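Working notes for the structure below.
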Amino acid sequence: MGKSRGHRVVDQWLESKNWVWASFQKKAAAAYLAGASGMVNAPTGSGKTYALWLPILIRHINAPKTRKGLQVLWVTPLRALSKDLHRNMELACLEMNLQWEVGIRTGDTHSQDRLRQKKRMPDTLIITPESLHQLFSQKNASTTFKNVHTVVIDEWHELMGTKRGTQMELALSRLRAINPLLQTWGISATIGNLDQARQVLIGPQANLEDTVLIKASHKKRLKVRTILPQKIETLPWSGYMGIKLVDQVVEVVQQHRTTLVFTNTRSQTEIWYRTILERYPEFAGIMALHHGSLDREIRDWVEDALHQERLKLVICTSSLDLGVDFRPVEAVVQVGSPKSIARFVQRAGRSGHQPGATSTIYFCPTNALELIEAVSLRDGVERNVLEDRPPVMQAYDVLAQWMLTLAVGDGFQERTLYEEVKRTFAYQLMSRTEWEWLIGYVSTGSSSLQVYDEYKKVELVDGVYQVLSRKVALRHRLSMGTIVSESSLKVKLQQGRYLGQVEESFVTRLKPGDVFFFGGMSVEFLRLHEMTVMVKKATAKKGMLVRWAGGRMPLSSQLSAFIRQRLAEAQANPSKEKEFTKLAPLLELQARRSLIPDANTLLIEQGETREGYHIFIYPFEGRLVHEGMAILLAYRLSRLSPITFTVAMNDYGFELLSDQYVDVAALLEEHALFSTDHLVDDIYQSVNATEMARRKFREIAAISGLMFQGYPGKYQKARHLQASASLLFTVMSKYEDRNLLIQQAYQEVLTYQVEEQRMRVALTRIAAQQIRIMKIAKPTPLAFPIMVDRLREQLTSEKLEDRIDKMLQQYSHEN
DNA sequence: GACCTGCTGCGGTATG
């Protein structure tokens, strides 16, 4: 069999580049050219883009030469990725002398380019999910997409677990309705539920066996090393900044060409940067920091400098998790718990980007107990355990937005769209009643809002649901997408550049003259000018640290399981791992004052201090489950006899504090405190559920179009937004029985706030475990950090220090 | 003198 002209062109091109087409790339190409859909699973830097890009070109070369407009959509979750991709794709076309135009359509595409695209679409469009939806909100959208035969979704693992993934599912279903032969391909890093990822991509009714999974065979070698502290505290309380080990981290940095130091929070990057600069002034100029609140220009500069090998060290948050390959990076340091094995591996992969090179990651614990995590991470990496990314199900806010998007564009027919939506993974279980509620919602704003005209958005004309009002259409286009951010203020040097963003709550505490540390420099607050925080460079070195109110990631269940297994082993066999040896004094104290739980034991500690009566429980299930369990237990105990608790938790356990003594042992004999019966009811009955749902509702209201977030550039106060979301929540809960969006808020509390599924599994495990209740005279090493955490919420930092000092004096001696 | 908690991502006003 002779090769087609397309194959020959590509072969010649590969030859001229002196480049081998790897076997996984060949497999992907063959499957694609045979008309299949599927997924490519390969690490970054392995050339997975070309695995699909080259066959797309082959197909084009062999196809008849008629103008067809848009034919290929290449979806990327990151704008930053699109430029690199564009360059590589165009270069390939150019070198092969092909007439094939690649365009970019993202938020920063110039308006003239957009207009040009509108008139004449390029053959391939690199696009974000949000911009794709923008295209669907234009008139003639179905004409735009009528010749699209291929959609490639890059970093699908990253999108799938989020509402952006749901957006993608909806768009795919629409594209398949336009062209039933559409070929869908995902590109994904390795995750636990790889098959499910593929199913979500192709839709629930499609047969998984008809699609292809292409795996790159070469495995990335990964070395994990722990940075060990000289000595540890037996009562670990010292925060989670890890700065104590800075000298040892700098030692690592000095041994490598370029190092990335990953931290868990933005303020942590700032403090590490400042500390290193103070102690090692020679790093000035060859060290940078990178996090999500720094101005885009600054971040771009850092990324460029990394490429050009001008930096020895970059301190960053997950803002550098993904995307661009930084070849010069030789080593990665993870400061503090990465919370999941998959994230740890992902970050490790930022180093050693050459094919065949080994990635090296150093784990720097910020707290004595994290030494157990170090061993557990190594376990996870060795056994190749990776967490799942469960897809988002039944997010009605996203669906409502999609209905409006289509109504703003070409309009939709109710029956057809219903069938189409049911063919997505996310909405496969949606009932006809629920759908009808949504139709009502977009046309009248639901029964509780019927009297208000502004919620009547969609009108039915000749069987087609459409948005006729220009104002409604404009407002909708301005507020598309599923990312709802805190409202923030820009920070600008008085006569100079923008530094980045801080949150409103931080600024309200500032007085003119106050010094804070931001973007790697000391700045003095001057004034608030047109919603911009004006600052100048400060002479004073010390200053406040900016704080952002971000999300709190819990420890993954996979990592938790390893920790539960390893804890008892650390005591039984302290010389087995060097981390265990270090931990020995702490574990001895734990064993002396209480006991060290093994994997079959649930430890409960009870004690009394001047603060009151403490109950500590250690399921080792991550802080969200602990929050849920604390609420649950507090509720169940209070039903037995009136009592109130203050709750606190961390990733290992939680505390119930009260001014009354509770005989836990006796109560456990008679009552199933840890039972899964009536679990959801009991959580909803507890005081916090409504408040939690109310907070969740803010995001739902924004996505579903209930709440206009304001015109771009125009500032809207966070308090105002919160207030109107809260008002809507009250009205809708009160006057409507079955409001889908309110129900969704409660559902999200269960799924994401208290991790109901995981809690059930944990409770079931506890039911089979032996429960050991220990009376303690003094707080144990496991209890102490939870107590400190509770105080941290109540006290200012100076007061907290005094308090901790006293506590340490009181509790650290013998027994 | 030691200590500072809490990720990321996108989009956007303008016609016949």
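All values derive from a computational prediction rather than experimental measurement. Proteins get letters first, then strands, A, B, ... in listed order; numbering begins at 1 in each.
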Residues passing the ring-ring contact (aromatic ring centres under 6.0 Å, His included) test with A/H133, sequence neighbours excluded, are A/W402

Atom CD of A/E233 and atom P of B/dG1 are separated, to the nearest Å, by 19 Å

inquiry  = Has A/Q334 got a side-chain atom pairing as donor or acceptor with A/T263's backbone, closer than 3.5 angstrom?
reply    = no

Between NZ of A/K118 and C1' of B/dG16 the distance, given in whole Å, is 13 Å

Those residues at least two apart in sequence (or on a different chain) that pass ring-ring contact (aromatic ring centres under 6.0 Å, His included) with A/Y273 are none

When rounded to whole Å, the CZ to P distance for the pair A/R623 and B/dC7 reads 12 Å

Within residues 267-274 of chain A, the residues having a heavy atom closer than 4.0 Å to DNA chain B are A/S267, A/I271, A/R274

Separation of B/dG6 atom P from A/F506 atom CZ, nearest Å, is 11 Å

Atom CD of A/Q334 and atom C1' of B/dC7 are separated, to the nearest Å, by 11 Å

Sorted by chain and number, sequence neighbours left out, ring-ring contact (aromatic ring centres under 6.0 Å, His included) with A/F708 holds for A/Y711

>> What contact category does A/R343 fall into here, base, sugar-phosphate, or nothing, at under 4.0 angstrom with non-hydrogen atoms?
In response: nothing

Reckon A/D789 touches a base, only the sugar-phosphate, or nothing at all at heavy-atom distances under 4.0 Å?
-> base

- Task: Report the relative orientation of the aromatic rings in A/F506 and A/F516; use parallel for angles under 30°, tilted for 30 to 60°, perpendicular for over 60°.
- Result: perpendicular

Given the options A/R266, A/E303, A/H290, A/S319 meets side-chain hydrogen bond (donor to acceptor under 3.5 Å, both in side chains) only with A/H290

Whole-Å distance, A/M553 CE to B/dG6 P, equals 12 Å

Assigned chi class of B/dT13 under the 90° convention is syn

In this structure, CZ of A/F517 is separated from OG of A/S267 (nearest 0.5 Å) by 12.0 Å

_Within the supplied structure, the quantity of interest is the number of heavy atoms (other residues, nucleotides, ligands) at a distance under 6.0 Å from A/Q810 CD; does it exceed 12?_
yes

Whole-Å distance, A/E486 CD to B/dG6 P, equals 13 Å

To the nearest angstrom, the CD1-C1' distance between A/I243 and B/dT5 comes to 13 Å

In B/S/- notation (B base, S sugar-phosphate only, - none; protein heavy atoms under 4.0 Å), nucleotides 8-15 of chain B written 5' to 3' is SBBSBB--

With sequence neighbours left out, the residues meeting ring-ring contact (aromatic ring centres under 6.0 Å, His included) with A/F262 are none

Inset, instruction - Determine: side-chain N/O of A/R552 to OP1/OP2 of B/dT5, distance under 4.0 Å, yes or no. - result: no

